[in-house]
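Reviewing the structure listed below.
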Amino acid sequence: MTYFADVAALARKDLRLELRARDTLPAMLLFVVSTLVVFHFALPADAGELAAQGLLWLALVFTALLGLARAWAPERESGALDGLVLAPCDRSAIWLGKALATFVFLGVISAVALPAFAVFFAPVSWETVAGVALANAGICAVGTLLAAMAAASRTRELVLPLLFLPLAIPLVVGGVGASISDDPGRFLAFLGLYDGVFALLCWASFEYVVSE
Amino acid sequence: MSTSYPNRPARGGRLPALAAVTALLVGLAIVFAFFVAPEDADQGISQRIFYFHVPIALTAYACFGWAAFKALLLLWRKEERYDLESYVAVHQGTIFGALTLATGSIWAKASWGHWWLWSENQLVLFLVLFLFYSAYFMLRFSIEEGPRRANISAVYALFGVVLVPVSFLAIRLAENVIHPTVFTRDGPQMTGTMFLAFCVAWVAITLLAYTLYRVELAGKRLDANLRELREALTT
């Protein structure tokens, strides 16, 4: 069980860092609310609720991107990642810890974004809430790995959206489908499938991203 | 990385012969597609792009699959040469993917009067893949050369083969809800000659991709060897 203790310690470290420094979370919260306000003015007056549902997903994905770009910033500064890689723990634990911490951040964002969306645009169904939870898991799994890749490059913040958006398309399809379809079960199942497949792939391949 | 001399020059002699056979087959495919295969009763001349569009698309898939296979070998065996092979395969796949988008778009314009149709699942999938693999180059060229870059490129190439079925499923799911299905198309109802023309074109395009792959690989290896020599001379 040391593996899960490592994961928990790493995730706790990230949460504590955020609680003390408050670098990322307030920025993400402000961003998601600002985006929703911008979307109100971007939509034509008679666009209706369906179009707004799609924009909710855009806001969530872009806000997640904002957070993911900073995900490995604490490790990058002062070379903490090298220390973590050298530590006698399974390297996939580093990814899992980071993904869990990011999942908590996205949960906080969603807890603000969904009520804000309900106030500004349209009521939020339970299917949407379930879709957001499942999509958040997928975003964390894939996003933290891609962010680690981007952190190794010279153009960090620039390259991450390019890597992330094509992989986020299935999540947007699943999420929007769960929000507006008559049969949301299929879309929720699809989101679950995405999470399972990509979480497994990221878990197995993270080691190669951080080691030489 | 273990091998001391990873960039062995390609064994010469075979490449020109391969190129000659490829040129011959591509010529044969053009003859078959334009002169031997009968004209489609429904679509007329525009249907003939099918003999190139579909083989190019299948070849692009094959390239991405090949790249992922080489990436897996790299992560498994840690031999440096797989990195270059995987990269060249992604490069060829992206070129053929762009050609798929172009030929598909032309076909859509000729058949349905629109350059782009979101209801065409395969085309949309290729657009997603094209974006995904274009990002591969952005990522690869912003990381310093070395084992780290090889590993990251390999993991990204592996993501690609997983993204193909997942995206396809997503696009299939999306068309029912988000976009209404405007056109449905039955599988190509082919006569024997048409099928033969298709097969010839398929073999020709696959061989073309393989030849380009070998040529680019030979060139890139030459580059790498030259760089090593220059470094050895200057230091």
Side-chain angles (χ1 to χ4, degrees), chain A residues 50-51 53-54 57 85 138 142 145-146 148-156 158-184 186-191 193-198 200-202 204-212, chain B residues 1 68 71-72 74-78 80 83 97 118 121 124-179:
Chain A
L50 278 181
Q53 294 282 355
W57 284 92
V85 170
V142 174
L145 184 107
L146 294 179
M149 286 182 175
S153 72
R154 283 191 304 273
T155 49
R156 287 160 200 147
L158 195 62
V159 80
L160 178 63
L162 304 178
L163 301 177
F164 179 71
L165 287 178
L167 280 161
I169 289 171
L171 287 172
V172 171
V173 170
V176 173
S179 302
I180 66 173
S181 160
D182 299 328
D183 178 21
R186 278 167 64 210
F187 290 91
L188 293 176
F190 172 73
L191 283 175
L193 178 81
Y194 180 99
D195 292 355
V197 168
F198 276 100
L200 203 64
L201 186 64
C202 295
S205 61
F206 182 75
E207 185 186 341
Y208 299 104
V209 173
V210 288
S211 61
E212 303 202 339
Chain B
M1 298 281 162
L72 200 63
L74 173 91
L75 296 180
W76 188 17
R77 296 203 185 138
K78 308 264 174 209
E80 206 179 321
D83 174 49
W118 286 106
N121 294 340
V124 178
L125 177 62
F126 262 95
L127 186 61
V128 174
L129 285 181
F130 182 72
L131 292 175
F132 177 84
Y133 282 105
S134 299
Y136 173 93
F137 299 103
M138 299 291 293
L139 177 68
R140 190 179 165 91
F141 292 118
S142 69
I143 303 177
E144 269 175 56
E145 203 175 334
R148 185 89 186 270
R149 181 175 90 167
N151 278 346
I152 290 179
S153 303
V155 170
Y156 196 75
L158 277 180
F159 265 67
V161 281
V162 178
L163 185 67
V164 172
V166 170
S167 288
F168 188 66
L169 200 60
I171 292 161
R172 282 284 289 276
L173 278 173
E175 76 171 337
N176 299 329
V177 192
I178 299 165
H179 309 287

Check your understanding: What part of Phe159(B) is in contact with chain A, defined as an atom under 4.5 angstrom from a non-hydrogen atom: side chain, backbone, both or neither?
Key -> both

Check your understanding: Of all heavy-atom pairs between Ala152(A) and Ile152(B), which one has the smallest distance, and what is that distance?
Key -> CB-CD1, 3.6 Å

Exercise for review: May I ask you to name which of Leu163(A), Leu160(A), Val159(A), Leu146(A) has the most heavy-atom pairs under 4.5 Å with chain B?
Suggested key: Leu163(A)

Practice item. Report the option among Val142(A), Leu193(A), Thr155(A) that has the most heavy-atom pairs separated by less than 4.5 Å from atoms of chain B. Key: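 Winner by heavy-atom pair count: Thr155(A).
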
Point to revise | Under 3.5 Å donor-acceptor, Asn121(B) side chain and Arg172(B) backbone | key: no

Check your understanding: Any donor-acceptor pair under 3.5 Å linking the side chain of Arg154(A) with the backbone of Phe141(B)?
Key ->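 Present.
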
Tell me, for [X] versus chain B, whether the close heavy atoms (under 4.5 Å) come from the side chain, the backbone, both or neither.
| X | value |
| --- | --- |
| Leu171(A) | neither |
| Val197(A) | side chain |
| Ile169(A) | side chain |
| Phe206(A) | neither |
| Tyr208(A) | both |

Review point. How long is the span from the CZ atom in Arg148(B) to the CE atom in Met149(A), to the nearest 0.5 Å?
Key: 10.5 Å

Point to revise | Value rounded to 0.5 Å, distance of CG in Leu74(B) from OG in Ser153(B) | key: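 With rounding to 0.5 Å, CG (Leu74(B)) is 9.0 Å from OG (Ser153(B)).
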
Practice item. Determine, for Asp83(B) against Arg140(B), whether the closest basic-nitrogen to carboxylate-oxygen distance falls under 4.0 angstrom. Key: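 Looking at Arg140(B) together with Asp83(B), the answer is yes, because their closest N to O distance falls below 4.0 Å.
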
